[in-house]
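The next block holds one structure in the form of structure tokens; read it before the comments.
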Amino acid sequence: MRILSLVRIMLLMFYRRKALWIASIPLALFALFLAYASPMSPGLNTIQGLVFTGQVLAIFTSLAYAASFSNLMTAGRRTGMDELESTSPLPMAAIRSAHVLGAWVICISSSLLFLVLIAVYQTSRGSGMAMLAALAVALVILSPSMLIAMGISALLGALLPTILARILAVLAWAWLAFYTPLLPLPTLNGGPLSVIGDPIAQGWFQSNPMYVPANGPFTVQSGVISLLWQVCIILLLFTGANIASNHIKARV
């Protein structure tokens, strides 16, 4: 079994998960409405509006992915897929990476489609950089947020019963993405460790952040730190989920 074949299989498996589409598509449409109607919105006619839309999509669609991937690393044991994978000459780390890649392609497809449609509209109005901006936003803002939500879900799903894992994963993402001074909780928002793209949005795209930076405006360097931080978190989450799934009996 080659890794591309495994990715294709995972794509088909996640494509057929109706619950994933039922959860993510309404949230994506709701995010689009907020991106247009929110008082914070710069509108959909500028690159900054495209960036803001990408952030809102990342925040709300990731709620669905936090609830949907508690069995990402453990489903194979219940379906017998793990026995087929064990016959592959590929290392298990590569196989699990294919799982994540297949899931990520499905997850980002709807949000990327919406961003591309907005970019087409902007291009028709004379913005020559809109399509490149849409792809960049999908890569450096949407993707890290989605993968972090998926990683939280996968890790908790390997450690806890499915229902509890889903609830805690959604709560964990809500803590990372939302903040209100009415609740006396610490937050990563407002700093370079934010996982909703604020440092990248302001530092790289000159877009207004959703949360006021605690130490002055974000810079290009802030965006680099934020992206590297998110990559590290993604690697740690999926590595932990992989290790846990190898040592803890899968739960239904």
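What you are looking at is a predicted structure, and each value in this text was computed from that prediction instead of being measured.
Side-chain contact check for V100 versus I234: every heavy-atom pair is 4.5 Å or farther apart. Proximity of V56 to M40: side-chain heavy atoms (C-beta onward) are nowhere separated by under 4.5 Å. By the 4.5 Å heavy-atom criterion applied to side chains, L142 and L112 are not counted as neighbours. F178 has its side chain out of reach of I196: every pair of non-hydrogen atoms, C-beta onward, lies at least 4.5 Å apart. The shortest distance between side-chain heavy atoms of Q202 and D198 does not fall below 4.5 Å. Looking at M150 and L237, their side chains never come closer than 4.5 Å, going by heavy atoms from C-beta outward. Considering only heavy atoms from C-beta on, S153 stays 4.5 Å or farther from Y65 through its side chain. Side-chain contact between I25 and S110 is present, with at least one heavy-atom pair separated by less than 4.5 Å.
M129 CE to L50 CG: the interatomic distance, rounded to the nearest 0.5 Å, is 11.5 Å. Note that the CG atom of L57 and the CD atom of Q55 stand 10.5 Å from one another [nearest 0.5 Å]. N242 contributes atom CG, which lies 12.0 Å from atom CG of L235 (distance to the nearest 0.5 angstrom). Rounding to the nearest 0.5 Å places CG of L132 at 6.5 Å from CG of L135. The distance from the CG atom of N208 to the CD atom of Q48 is 8.0 Å, given to the nearest 0.5 Å. Taken to the nearest 0.5 Å, the CG atom of L171 stands 10.0 Å off from the CG atom of L63.
Linking ILVMFWY side-chain heavy atoms closer than 4.5 Å, directly or via other members, places L29 and Y36 in a single hydrophobic cluster. A single hydrophobic cluster is seen to contain both W173 and F30, as judged by linkage of ILVMFWY side chains at heavy-atom distances under 4.5 Å, directly or through other members. By the rule that hydrophobic residues join a cluster once side-chain heavy atoms approach within less than 4.5 Å of another member, L156 and L236 end up as members of separate clusters. At a threshold of 4.5 Å between side-chain heavy atoms, the hydrophobic network of Ile, Leu, Val, Met, Phe, Trp and Tyr places L139 and L115 in one connected group. Criterion: ILVMFWY side-chain heavy atoms under 4.5 Å apart, direct or through other members. Under it, V231 and F238 are not part of a common hydrophobic cluster.
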List the steps and the verdict of side-chain contact (heavy atoms from CB on, under 4.5 Å) for W175 and L188.
CA-CA 9 Å; W175 172 72; L188 298 180; 4.3 Å; yes
Report the C-alpha separation of F218 and S194 in whole Å, then their side-chain angles, then the decisive distance to 0.1 Å, and conclude whether the side-chain contact (heavy atoms from CB on, under 4.5 Å) test is met.
CA-CA 11 Å; F218 292 118; S194 169; 5.7 Å; no
Show your working on side-chain contact (heavy atoms from CB on, under 4.5 Å) between W104 and L101 and close with a plain yes or no.
CA-CA 5 Å; W104 168 77; L101 181 59; 3.7 Å; yes
Starting from the C-alpha separation in whole Å, work towards a yes-or-no answer on side-chain contact (heavy atoms from CB on, under 4.5 Å) for W204 and L227.
CA-CA 11 Å; W204 294 7; L227 187 58; 3.8 Å; yes
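Shortest non-hydrogen contact noted between Q230 and P144 is OE1-CB, 3.3 Å. The two atoms that bring L155 and G240 nearest to each other are CD1-C, 3.5 Å, heavy atoms only. Residues S145 and V195 approach most closely at OG-O, 2.7 Å, considering heavy atoms. Taking every heavy atom of both residues into account, T53 and G49 meet most closely at OG1-O, 2.8 Å. Taking every heavy atom of both residues into account, S143 and I108 meet most closely at OG-CD1, 3.1 Å. Of all the heavy atoms in V137 and F205, the pair that sits closest is CG2-CZ, 4.3 Å.
Applying the side chain to side chain donor-acceptor pair (under 3.5 Å) test to N45 and every residue at least two apart in sequence or in another chain returns Y121.
Around atom OH of Y211, more than 12 heavy atoms belonging to other residues, nucleotides or ligands sit under 6.0 Å away.
Between the S109 side chain and the I106 main chain, a donor and an acceptor come within less than 3.5 Å of each other. Checked by atom type and distance alone, the side chain of S222 pairs as donor or acceptor with a backbone atom of T219 at under 3.5 Å. Under a 3.5 Å cut-off, the side chain of S41 and the backbone N or O of A37 do not form any donor-acceptor pair.
L176 pairs with exactly one of I148, T187, I59, I233 by the side chain to side chain contact (heavy atoms under 4.5 Å, CB included) rule, that one being I148.
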